A.B. asks: 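Attaching a single structure in structure tokens format; questions to follow.
On a predicted model such as this, the values are computed, not experimentally measured, just so you know. Throughout, protein chains are lettered first and strands after them, A, B, ... in sequence-line order, and every chain is numbered starting at 1.
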Amino acid sequence: MPDATRGFVRSIDNGILEKEIDLEAILINTYHLFLNPGMEIIKKAGGAHKFMNWSRPLLSDSGGYQIFSLIHKNSRLGKITEDEVIFKSPTDGTKHILTPEKAIQIQFDLGVDMMVCLDDPSPNDYPKEKIAQAVSRTIRWANRCKKEYEKQIKVRKISEKNRPLIFGVIQGGQYLDLRKHCTQELVKIGFDGYGFGARHIDSKGNFMEEVVRETASFIPKNALRFALGVGTPEDIVKCFSYGWDMFDCVIPTREGRHGRLFLRKEKNVIASEAKQSRNISTNSFANIQDDKSFYETININNGKYKDDFSRVDEHCDCVLCKNHTKAYLHHLFASKEMLGMRLSAIHNLKFYADLLGALRNSVN
RNA sequence: GGGUCCGUAGUGUAGCGGUUUAUCACGUCUCCCUGUCACGGAGAAGAUCGCCGGUUCGAAUCCGGUCGGACCCG
């Protein structure tokens, strides 16, 4: 899922997302849509699907991550208490309050197909004691979210068949025992799916392999496993091999807009990597030695592409690669033409979508 | 023919009552982005200040000449 945080995948229209990239779902953000355009407008429009004219599945993130990272960055921007999160809008400074109950209500108003509990994603480098506090708050809030969820189902008279799915988010930083405890408590409450919360990389940017792998194993087999915010292609391959099967990330679109393109090294290399990952998931995973063996990145801003008239990606048939050269894309970026960002984001999304497709095929 | 102004990195400029590794912007080059306030963030290279000479401990800065450009009056 690309992140359509504010109700749009920046610069890309639904036609491309559905027909060219064939995305299964996209992610929107409770926090951003709540602030802008505001729930009155969304409700008037008839919900997020109608407002955006997106008919495929929509998943909304609770907004916890955004608010918490805001507050962790600058404590003057908000306050976390047992009951609620108080925060100031970064754009106009107005004060807002979000509670677990309210986060769920908003997501019902958005009319999404999948929703996420409000959680407490503390930074991974916090001391264990603080992470443990975040875990217990996450559990208590998950309880309140589930109760509110059931209440809304009743009040809105939503049938079992039509109810949105709800995800709990597992916290615990780098500590396996905390992750395990958090998962067990969330499972007791009962959710359709479970998310890997906070960040899956440590403060140095290294993939937290053991925690990500083991946490997946704590989750019941029939539940969905959502690796929030993952990640680089190699992180996704790893997570997939551990059993995580849902992903969202800003990387393909944001890096695309900033001029970084993901390129296939060989035509079928993603598929072969996927096969490798399936084997890995059954026994050992030590085989992934060269993380980036199946792709490379280029920065199209680099001067060496000024007169490079080759295809951007030899093995890709997206609108960018079918129609334009590296030199032309370089020129678009040098000219600060938004078409360059748009085409690059489309290409990267296609790369990610193909990667996920190949991973899925390898298991089916 | 007479007069005025101006020549500082690729471009536009600051500094011209002599205290400095010569300023800033854009451009160029490289890196970063992981539940998106993000066409965003970080960093690097690049001018011996048109040229020649003079004054001085010391000149982009003062003086003379010279070349180039702009404008004004005949």
A.B. asks: Rounding to an integer number of Å, can you tell me how far A:Leu35 CG sits from B:C37 C1'?
C.D. replies: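 A:Leu35 atom CG is separated from B:C37 atom C1' by 10 Å.
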A.B. asks: So does A:Asp177 pair up with A:Lys128, basic N to acidic O under 4.0 Å?
C.D. replies: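 Result for this pair is yes, salt bridge flagged.
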A.B. asks: Measure CD/A:Glu255 against C1'/B:C31 and give the value in whole Å, please.
C.D. replies: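 Going from A:Glu255 (CD) to B:C31 (C1'), I get 12 Å.
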A.B. asks: Within this structure, what is the NZ-to-C1' distance between A:Lys238 and B:U34, rounded to whole angstrom?
C.D. replies: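 Atom-to-atom, A:Lys238 to B:U34, this comes out as 13 Å.
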A.B. asks: If you link ILVMFWY side chains whenever their heavy atoms are less than 4.5 Å apart, which other residues fall into the same cluster as A:Val250? By chain and number, please.
C.D. replies: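 None, because no other hydrophobic side chain comes under 4.5 Å of this residue.
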A.B. asks: Let's test this: given Watson-Crick or G-U wobble pairing with both distances under 3.5 Å, identify the partner of B:G35.
C.D. replies: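 Base-paired to nothing in any strand shown.
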A.B. asks: Members other than A:Leu228 in its cluster, when Ile, Leu, Val, Met, Phe, Trp, Tyr link by side-chain heavy atoms under 4.5 Å?
C.D. replies: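 Besides A:Leu228, the cluster holds A:Met1, A:Leu27, A:Leu59, A:Met114, A:Val116, A:Leu165, A:Phe167, A:Val169, A:Leu224, A:Phe226, A:Met246.
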A.B. asks: Rounded to whole Å, how long is the line connecting atom CG of A:Asp3 with atom P of B:U34?
C.D. replies: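 From A:Asp3 CG to B:U34 P: 11 Å.
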A.B. asks: Return no unless some side-chain N or O of A:Arg199 is found under 4.0 Å from OP1 or OP2 of B:G35.
C.D. replies: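 So the side chain of A:Arg199 is outside the cut-off, no N or O lying under 4.0 Å from OP1 or OP2 of B:G35.
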A.B. asks: With rounding to whole Å, what would you report as the distance between B:C24 and B:G17 at their C1' atoms?
C.D. replies: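 Going atom to atom, C1' in each nucleotide, I get 24 Å.
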A.B. asks: Tell me, please, which residues at least two apart from A:Lys180 pass side-chain contact (heavy atoms from CB on, under 4.5 Å).
C.D. replies: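 Counting only residues at least two positions away or on another chain, A:Lys180 forms a side-chain contact (heavy atoms from CB on, under 4.5 Å) with A:Gln184, A:Phe218.
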A.B. asks: What integer distance in Å separates A:Tyr352:OH from B:U34:P?
C.D. replies: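 Rounded to whole Å, this separation is 11 Å.
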A.B. asks: Rounding to the closest angstrom, what is the interatomic distance between B:G27 and B:U66 at atom C1'?
C.D. replies: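 Nearest-Å result for B:G27 against B:U66 at atom C1': 33 Å.
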A.B. asks: Under a 4.0 Å N-O cut-off, is there an ion pair linking A:Arg163 with A:Glu160?
C.D. replies: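 So A:Arg163 pairs with A:Glu160 through a salt bridge.
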A.B. asks: With respect to the side chain of A:Ile251, which nucleotide from B:G35, B:C39, B:U34 is positioned closest?
C.D. replies: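 Side chain of A:Ile251 sits closest to B:U34.
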A.B. asks: Using atom CD of A:Glu337 as one end and atom C1' of B:C39 as the other, report the distance to the nearest whole Å.
C.D. replies: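 Distance check: A:Glu337 CD to B:C39 C1' gives 10 Å.
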A.B. asks: Hunt down the Watson-Crick or G-U wobble partner of B:U28, both distances under 3.5 Å, from any strand shown, or write none.
C.D. replies: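 Answer to the pairing question: B:A44, which forms a Watson-Crick or G-U pair with B:U28.
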A.B. asks: Rounding to the closest angstrom, what is the interatomic distance between B:U30 and B:U23 at atom C1'?
C.D. replies: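 Pairwise C1' distance, B:U30 against B:U23, rounds to 24 Å.
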A.B. asks: With nearest nucleotide decided by heavy atoms, which residue, A:Met341 or A:Gly231, maps closer to the 5′ end of RNA chain B?
C.D. replies: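 Between the two, 5'-proximity favours A:Gly231.
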A.B. asks: Can you check whether A:Arg254 has a side-chain N or O nearer than 4.0 Å to OP1 or OP2 of B:C33?
C.D. replies: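 No, because none of the side-chain N or O atoms of A:Arg254 sits under 4.0 Å from OP1 or OP2 of B:C33.
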A.B. asks: For A:Phe8, which residues count as a ring pair (Phe, Tyr, Trp, His ring centres under 6.0 Å) partner, sequence neighbours excluded?
C.D. replies: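 A:Phe8: no ring pair (Phe, Tyr, Trp, His ring centres under 6.0 Å) contacts found.
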A.B. asks: Please write out each protein N/O paired with an N/O of nucleotides 27-29 of chain B under 3.5 Å, distance rounded to 0.1 Å.
C.D. replies:
unit_1	atom_1	unit_2	atom_2	d
B:G27	OP1	A:Lys336	NZ	2.9
B:C29	OP1	A:Lys306	NZ	3.4

A.B. asks: Quickly work out the A:Asn299 CG to B:C31 P distance and round it to whole Å.
C.D. replies: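 My rounded result for the distance is 6 Å.
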A.B. asks: Roughly how many Å apart are B:G41 and B:U61, using the C1' atom of each and rounding to a whole number?
C.D. replies: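 Taking atom C1' in both B:U61 and B:G41, they lie 38 Å apart.
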A.B. asks: Under a 3.5 Å cut-off for both contacts, is B:A9 paired Watson-Crick or G-U wobble with anything, and if yes, with which nucleotide?
C.D. replies: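 B:A9 is paired with nothing.
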A.B. asks: Under a 4.0 Å N-O cut-off, is there an ion pair linking A:Arg225 with A:Asp245?
C.D. replies: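 Answer for the salt bridge query: no.
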A.B. asks: Which residue, A:Met338 or A:Asp248, contacts RNA chain B at a nucleotide closer to its 5' end, judged by nearest heavy atom?
C.D. replies: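 Whichever sits nearer the 5' end wins; that is A:Asp248.
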A.B. asks: Mind checking ring pair (Phe, Tyr, Trp, His ring centres under 6.0 Å) for A:Tyr65 and listing every partner two or more places apart, or none if nothing turns up?
C.D. replies: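 A:Tyr65: no ring pair (Phe, Tyr, Trp, His ring centres under 6.0 Å) contacts found.
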A.B. asks: Using whole Å, what does the distance between atom P of nucleotide B:C33 and atom CZ of A:Arg10 come to?
C.D. replies: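 Spelled out: CZ on A:Arg10 to P on B:C33 is 19 Å.
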A.B. asks: When you measure only distances, ignoring hydrogens and angles, does the side chain of A:Asp119 come within 3.5 Å of the base of B:G35 through a donor and an acceptor?
C.D. replies: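 Between B:G35 and A:Asp119, which were checked side chain against base, a qualifying N/O pair under 3.5 Å is present.
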A.B. asks: Please tell me which of the listed nucleotides, B:G35, B:U34, B:C33, lies nearest to the side chain of A:His258?
C.D. replies: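 Per side-chain heavy atoms of A:His258, the pick is B:C33.
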A.B. asks: Is B:A59 paired to anything, Watson-Crick or G-U wobble with both distances less than 3.5 Å, and if yes, which nucleotide?
C.D. replies: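 Partner of B:A59: none found under 3.5 Å.
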